[in-house]
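Naming convention: chains lettered A, B, ... in sequence-line order (proteins, then strands); numbering from 1 in each chain.
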2 protein chains.
Amino acid sequence: MRVLLVEDDPLHRAWLREAVRQALPECREIVECADGGDGETRAREMPDACVVMDLQMQPRTGIDAARTIWRERPATRILFWSNYSDEAYVRGVSRIVPPGAAYGYVLKSASGERLRLALRGIFVENQCVIDGEVRGAQQRSAVQSGALSETEYEVLIDIALGLTDQAIALRRGLSLRSVQNRLQAIYDKLGVRAVEGQTGLYNLRGRAVSVAVLRRLLNRATLEHAEADLARWTARHPRPRDP
Amino acid sequence: MRVLLVEDDPLHRAWLREAVRQALPECREIVECADGGDGETRAREMPDACVVMDLQMQPRTGIDAARTIWRERPATRILFWSNYSDEAYVRGVSRIVPPGAAYGYVLKSASGERLRLALRGIFVENQCVIDGEVRGAQQRSAVQSGALSETEYEVLIDIALGLTDQAIALRRGLSLRSVQNRLQAIYDKLGVRAVEGQTGLYNLRGRAVSVAVLRRLLNRATLEHAEADLARWTARHPRPRDP
DNA sequence: AGCCGGCTTGCGGGTTCCCGCAGGACGCGA
DNA sequence: TCGCGTCCTGCGGGAACCCGCAAGCCGGCT
């Protein structure tokens with residue numbers, strides 16, 4: 001067994017290395033790198049690698065790296081090791097995990113014992129290990145009233161990018177009115193409707209984005225990513241006449 | 001001399017402690033805590049303390065803690081030790097530093113040598129030490145074309161919160177048209193105007209917030225903070241009739 | 001079949017936003 | 001005093017947004 005560590009903070013990397021050494025004595029080699037891009041190329045060189053991946057990295061994030069790794073080798077076992085349990089990150093991960101793959105999500109604030117257990121659980125026992133706090137965030141969003149469906153989430157991202165209703169309709173292949181319906185649903189679920197006593201205080205569109213950020217449904221990484229998608233789309237899409 | 005360390009990550013805290021021990025042998029006591037709120041109370045107990053402060057903490061951030069510390073004792077020397085050089089953070093800090101106070105801003109990615117130099121510079125020599133990258137972000141915003149004035153920045157925050165033009169006018173004591181003028185200025189400076197070929201693609205209001213986040217002018221901490229301010233304002237403000 | 005709930009679409013309207021135009025207030029240097 | 005630049009403000013209109021109402025499609029349930 002060989003392990004690839006992708007983590008930009010040297011301190012955390014050292015701590016990780018030690019945890020792996022203790023939890024996985026059968027591990028014959030530990031390779032380390034500090035950036036998502038490096039992670040991808042190193043993973044290519046180690047077809048049997050188990051990966052421990054930080055999520056917040058520059059310029060390529062852990063999500064980016066994990067996506068390409070999984071695209072090339074869907075059975076790869078990846079443990080995400082992150083500072084935050086924001087829904088934005090959790091959604092980002094669960095969006096790219098291939099069906100049937102074993103993976104994990106452990107917070108950096110977890111104890112060494114928990115980290116070591118997760119390492120064995122994923123890389124040896126081939127099971128999924130999700131920290132309680134993370135699962136909490138997952139549930140909170142999926143079960144409670146504020147459960148944005150996947151399509152609603154996409155529209156939320158689109159308005160966060162600053163697109164018009166019209167543009168969203170074009171992009172997602174919907175009528176203008178459908179987009180607006182989805183918006184209504186989002187406003188309801190985020191609890192952004194006229195709150196009886198503050199009429200005209202909020203611009204619902206902007207407000208929705210605001211509370212989404214405050215509730216950690218959205219973050220800069222999400223946006224950056226969506227921005228790149230959008231750029232790709234506009235490039236491919238013939239812009240209508242506009243003289 | 002006594003030093004107070006406020007940093008939530010245990011690894012980083014240990015690293016910091018070691019750096020202080022090396023750089024400041026004359027330091028007789030090092031107190032550590034892991035949260036902004038604790039930091040404030042511990043600082044109260046140590047009237048002569050020098051403070052090293054992480055910026056990203058839960059639930060009270062380093063900015064929050066520094067503000068109350070400086071309010072009670074403006075001469076306190078504080079070294080901010082942060083992961084990021086985002087303009088949002090830099091603005092946040094420079095907004096609360098009292099005139100004449102010595103402070104520092106060093107990135108966590110800096111070498112141990114740089115950190116130790118900063119420690120001596122601030123706490124012993126009583127000078128300001130700002131990392132090059134940070135100063136870069138500062139300059140980039142202040143000099144280049146994309147230089148939002150302080151008032152424009154406030155309006156930017158307001159639309160990021162999802163307020164209507166009307167609400168902003170009320171809050172800031174301006175006419176509706178003036179608010180809109182400021183918005184025009186923001187749109188120009190952020191380069192969000194109709195880009196010749198994509199008419200009707202963007203909702204300028206939302207787009208401005210989007211690029212502000214992407215350019216790191218705004219982040220979740222900024223918003224959270226502004227949100228609290230807003231709540232205080234609406235509470236104090238008699239809402240107009242709306243039956 | 002028949003009914004129901006969910007998703008989509010069109011229509012129409014009231015409101016808000018975006019912004020060019022133009023007039024007024026203030027400070028500053030000639 | 002005049003001219004100039006900068007900021008605030010009102011007016012007006014075109015566009016975009018917010019949203020109730022109603023009709024159609026479709027899959028599931030009895």
Answer yes or no: is there an ion pair linking B/Glu152 with B/Lys189, defined by an N-O contact shorter than 4.0 Å?
yes
Walk along nucleotides 9-16 of chain C from 5' to 3' and tag each nucleotide B, S or - by protein heavy-atom contact under 4.0 Å, base first, then sugar-phosphate.
BBB-----
In whole angstroms, how far is the C1' atom of C/dC17 from the CZ atom of B/Arg182?
18 Å
Overall bend of the helix from C/dA1-D/dT30 to C/dA30-D/dT1 (five pairs an end, 10° steps) is 20°
Between A/Arg193 and D/dC18, is there a side-chain N or O to OP1/OP2 distance below 4.0 Å?
no
Holding to side-chain hydrogen bond (donor to acceptor under 3.5 Å, both in side chains), I want the full list of residues that pass it with B/Asp64, two or more places apart in sequence or in another chain.
B/Thr61
Would you kindly give the CZ-to-P distance between A/Arg172 and C/dC7, to the nearest whole Å?
17 Å
To the nearest angstrom, how far is B/Leu183 atom CG from C/dC17 atom C1'?
9 Å
salt_bridge(A/Arg207, B/Glu227) N-O dist < 4.0 Å:
yes
Test side chain to side chain contact (heavy atoms under 4.5 Å, CB included) applied to A/Ile157 and A/Leu217, A/Thr222, A/Val209, the passing residue
A/Thr222
Excluding sequence neighbours, so at least two apart, what forms salt bridge (Lys or Arg N to Asp or Glu O under 4.0 Å) with B/Arg77?
none
Flag the pair A/Arg172 / A/Glu154 as yes when at least one side-chain heavy-atom distance between them is below 4.5 Å, and no otherwise.
yes
Return the value, rounded to whole Å, for the distance between atom NZ of A/Lys189 and atom C1' of C/dG6.
12 Å
How close or far is atom C1' of C/dC7 from atom CD of A/Glu152, stated in whole angstroms?
11 Å
Calculate the interatomic distance between A/Ile159 atom CD1 and D/dC18 atom C1'; express it in whole Å.
12 Å
Expressed as a whole number of angstroms, how long is the span from B/Gln184:CD to D/dT6:C1'?
16 Å
Can you tell me how the ring of B/Tyr89 sits relative to the ring of B/Tyr84, calling it parallel under 30°, perpendicular over 60° and tilted otherwise?
parallel
side-chain contact (heavy atoms from CB on, under 4.5 Å) involving A/Arg114 - partner list, sequence neighbours excluded:
A/Ala110, A/Ser111, A/Asp131, A/Glu133
Which residue pairs pass the salt bridge (Lys or Arg N to Asp or Glu O under 4.0 Å) test when at least one of the two sits in residues 161-171 of chain B, sequence neighbours left out?
B/Asp158-B/Arg171, B/Asp165-B/Arg205
B/Arg207 CZ - C/dC17 C1' separation (whole Å):
18 Å
